[in-house]
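Since the structure comes first, as structure tokens, the remarks are kept for the end.
Within every chain, numbering begins at 1; the chains are lettered A, B, ... in the order of the sequence lines, protein sequences first and strands thereafter.
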Amino acid sequence: MIDVRLLRTQPDLVRNALQRRAKPEVLEQLDHAIRLDVRLRDIVTERDAARARINDLSKEVGALRREKKDAETLMSESRALGDREKALDEEYAQVEAVLRDVLLRIPNMPHPEVTDGTNSDDNVVARGPLQMPETFADHQRVPHWETGHALGILDSERAVKISGAMFTMQRGLGATLARALCQYALDRNADAFEEIRPPSLVSSATLTATGQLPKFADDAYNIGRDDLWCIPTAEAPLTSLHAGEILDESNLPVRLMAFSPCFRREAGSAGRDTRGMLRSHEFDKVEILALTTPESAPAMLEEFIERVTSTIASLGMPYRLLEICTGDLGQSHHRSIDVEVYAPGCDQWLEVSSISWFSDYQARRGDIRFRRDGKKGTEFVHTLNASALAVPRVWAAILENFRNADGSVTVPKALHPYMRGATLIPVPTATAR
RNA sequence: GGAACGAUGGCAGAGCGGACGAAUGCACCUGUCUUGAAAACAGGAGUGGGUUUACGCCUACCGGGGGUUCGAAUCCCUCUCGUUCCGCCA
């Protein structure tokens with residue numbers, strides 16, 4: 001949520017920043033919010049004046065009563081004011097609700113350094129592939145779904161039988177590999193992050209704090225009977241962990257990480273990436289997250305980039321960094337860098353992580369504040385997060401990058417400790433099938 | 001799912017219709033005293049909103065929402081959460 005005060009005092013600053021997102025309707029929402037805010041303050045001023053008078057009157061009534069004097073004149077004046085106050089209060093609640101809804105739908109202001117652009121075509125490669133092989137061999141040019149099925153470690157058909165389209169299921173060493181990736185990602189960040197095992201079902205308030213609600217309700221699974229939502233990412237419960245709290249500056253930064261399943265309806269992407277593991281309704285991910293002071297957020301962003309890229313690099317696959325342009329930036333995002341891994345089999349750069357800085361946008365929604373040492377008052381924290389590792393796409397990229405000429409897949413060395421001794425996913429023998 | 005009880009400031013805990021933003025204790029901050037500390041004494045401390053150049057002033061907040069009243073932490077309704085007992089269960 002953007003700051004109403006900023007919108008009030010420096011509307012042009014906000015307008016210019018949001019203009020860069022290249023979404024005309026946002027500017028209309030902005031003007032709407034400004035009008036509502038003006039109206040709201042008029043109401044508040046009059047309502048508070050009425051309340052002040054009522055408070056004075058009831059004190060006088062109390063005094064008269066003690067002296068056994070008649071107070072009917074004052075009481076009737078107060079009654080009339082009470083009616084007015086009630087009407088104003090109702091109007092306040094109405095206007096406030098609309099204003100809040102409008103504000104919740106206005107996106108965050110992009111960081112000044114974010115490149116201008118209108119859509120994903122304008123994203124810029126911030127760091128090219130550092131280890132792109134000259135060429136890939138033919139045996140690496142096999143899509144992971146073919147390899148996965150041939151090796152008996154991916155069973156899409158039965159996943160569809162059990163749950164429907166866009167669900168996947170790994171088996172045997174494939175399942176072990178998926179879990180190994182999570183285990184590995186957690187261990188790589190355990191030096192600085194507290195591991196959390198959060199709930200996978202959360203309240204509407206929780207999904208509103210991170211920005212999924214109210215605007216993107218169609219993208220998440222809703223359990224209407226209990227008014228709960230399946231988390232689309234551990235970002236949601238982790239960000240809200242300190243919702244409504246005032247933290248001490250000395251406790252910052254708060255660093256959290258979590259393994260969790262992620263549930264996404266993928267409402268707008270029917271028919272896209274239907275094969276294999278590139279897009280599914282449920283997947284596993286390890287998320288890292290930080291709550292920081294505003295001034296230390298840029299350094300944390302750099303640290304996150306370093307952590308994510310070094311993890312990907314340690315698996316030995318070509319990757320690149322993408323600076324997301326203003327037109328492609330998510331609603332809550334102040335700045336985002338995507339990490340993509342190259343998958344030679346399907347010849348695609350796969351987004352395996354998004355490293356994001358939300359400035360105080362989520363903190364304002366979730367009411368996460370901090371108090372500076374020895375100072376009065378509070379400020380909103382900055383939130384940052386990143387996928388330390390998203391399983392399916394990394395899993396897919398491994399099957400393509402490390403496919404051998406005989407059809408087997410070599411397990412990256414970094415994962416060996418988590419594979420129960422397996423260093424290779426072999427081609428099944430005829431009898432084993 | 002059923003029943004009973006409960007929810008007050010950082011914590012503990014009073015208040016049960018009128019000067020209550022709220023006693024008291026602990027914790028905290030600032031003075032005085034002390035070489036320093038402790039103790040003692042004095043004082044100060046919450047959050048949001050509106051308004052003001054500013055000091056400040058007004059307003060709201062005793063789990064959430066609604067009601068009664070001139071006036072609600074206090075009375076009534078309702079929801080949520082917690083504790084205990086029963087039921088069910090990994």
>> Atom CZ of residue position A:Arg420 - does it have more than 12 heavy atoms of other residues, nucleotides or ligands inside 6.0 Å?
In response: no
>> Would you measure the distance from the C1' atom in B:rA7 across to the matching atom in B:rU78 and give it in whole Å?
In response: 16 Å
>> Identify the stems formed by RNA chain B, where each pair is Watson-Crick or G-U wobble with both distances under 3.5 angstrom and a stem is at least 3 consecutive pairs.
In response: B:1-7 with B:80-86, B:10-12 with B:24-26, B:28-32 with B:40-44, B:46-51 with B:56-61, B:63-67 with B:75-79
>> For the P atoms, the ones on B:rA27 and on B:rC33, what distance do you get once it is rounded to whole angstrom?
In response: 23 Å
>> Check for me whether A:Arg47 meets the cation-pi criterion with A:Tyr92, that is, NZ or CZ under 6.0 Å from the six-membered ring centre and within 45 degrees of the ring axis.
In response: yes
>> Exactly one of A:His334, A:His333, A:His382 should register a ring-ring contact (aromatic ring centres under 6.0 Å, His included) with A:Phe358. Which one does?
In response: A:His333
>> In whole Å, I'd like the distance from the CD atom of A:Glu245 to the P atom of B:rC11.
In response: 11 Å
>> Strictly below 4.0 Å, N to O, side chains only: are A:Glu249 and A:Arg372 in salt-bridge contact?
In response: yes
Taking N or O atoms only and anything under 3.5 Å, show me the protein contacts with nucleotides 71-77 of chain B, one pair per line.
none

> If every non-hydrogen atom of A:Arg105 is compared with every non-hydrogen atom of A:Arg365, which pair is closest and at what distance?
Replying inline: N-NH2, 4.3 Å
> Roughly how many Å is it from CG in A:Asp373 to P in B:rA45, rounded to a whole number?
Replying inline: 21 Å
>> Surrounding CZ of A:Arg279 (heavy atoms of other residues, nucleotides or ligands, distance under 6.0 Å), is the total greater than 12?
In response: yes
> What is the distance from CG of A:Asp83 to P of B:rU69, rounded to the nearest Å?
Replying inline: 11 Å
> Can you tell me how far C1' of B:rC29 sits from CG of A:Asp248, to the nearest Å?
Replying inline: 14 Å
>> With rounding to the closest Å, how many angstrom separate the P atoms on B:rC57 and B:rA22?
In response: 14 Å
>> Using whole Å, what does the distance between atom P of nucleotide B:rA60 and atom CG of A:Leu88 come to?
In response: 14 Å
> Considering only the P atoms, how many Å lie between B:rG2 and B:rC79, rounded to the nearest integer?
Replying inline: 11 Å
> Which whole-number value in Å describes the distance from A:Glu85 CD to B:rU59 P?
Replying inline: 12 Å
> Are A:Lys86 and B:rG67 close enough that a side-chain N or O sits under 4.0 Å from OP1 or OP2?
Replying inline: yes
> Could you give the CD-to-C1' distance, from A:Glu60 to B:rG18, as a whole number of Å?
Replying inline: 13 Å
>> Check the phosphate of B:rC70 against A:Arg79, side-chain N and O only, distance under 4.0 Å to OP1 or OP2. Yes or no?
In response: yes
>> Return whichever of A:Arg66 or A:Glu90 has its heavy-atom-nearest nucleotide of RNA chain B closer to the 5' end.
In response: A:Arg66
> Which is true for A:Ala71 with a 4.0 Å heavy-atom rule: it touches a base, it touches only sugar-phosphate, or it touches nothing?
Replying inline: nothing
> How far, in whole Å, is B:rG65 from B:rA72 if one measures between their P atoms?
Replying inline: 15 Å
>> Please report the distance, rounded to the nearest Å, between NZ in A:Lys375 and P in B:rC29.
In response: 19 Å
> Using the ring of each side chain (for Trp, its six-membered ring), is A:Trp357 parallel, tilted or perpendicular to A:His111, with breaks at 30° and 60°?
Replying inline: tilted
> Using a cut-off of 4.0 Å between protein heavy atoms and nucleotide atoms, how would you tag nucleotides 46-54 of chain B 5' to 3' with B, S and -?
Replying inline: SSSBSS---
> If we take the P atom in both B:rG18 and B:rA73, what is their distance in whole Å?
Replying inline: 11 Å
>> Taking B:rU80 as the reference, what is the distance to B:rG63 when you measure between their C1' atoms (whole Å, please)?
In response: 8 Å
> How do A:Gly62 and A:Asp89 order along RNA chain B: which one's closest nucleotide is nearer the 5' end?
Replying inline: A:Gly62
> What integer number of Å spans the P atoms of B:rA39 and B:rG25?
Replying inline: 15 Å
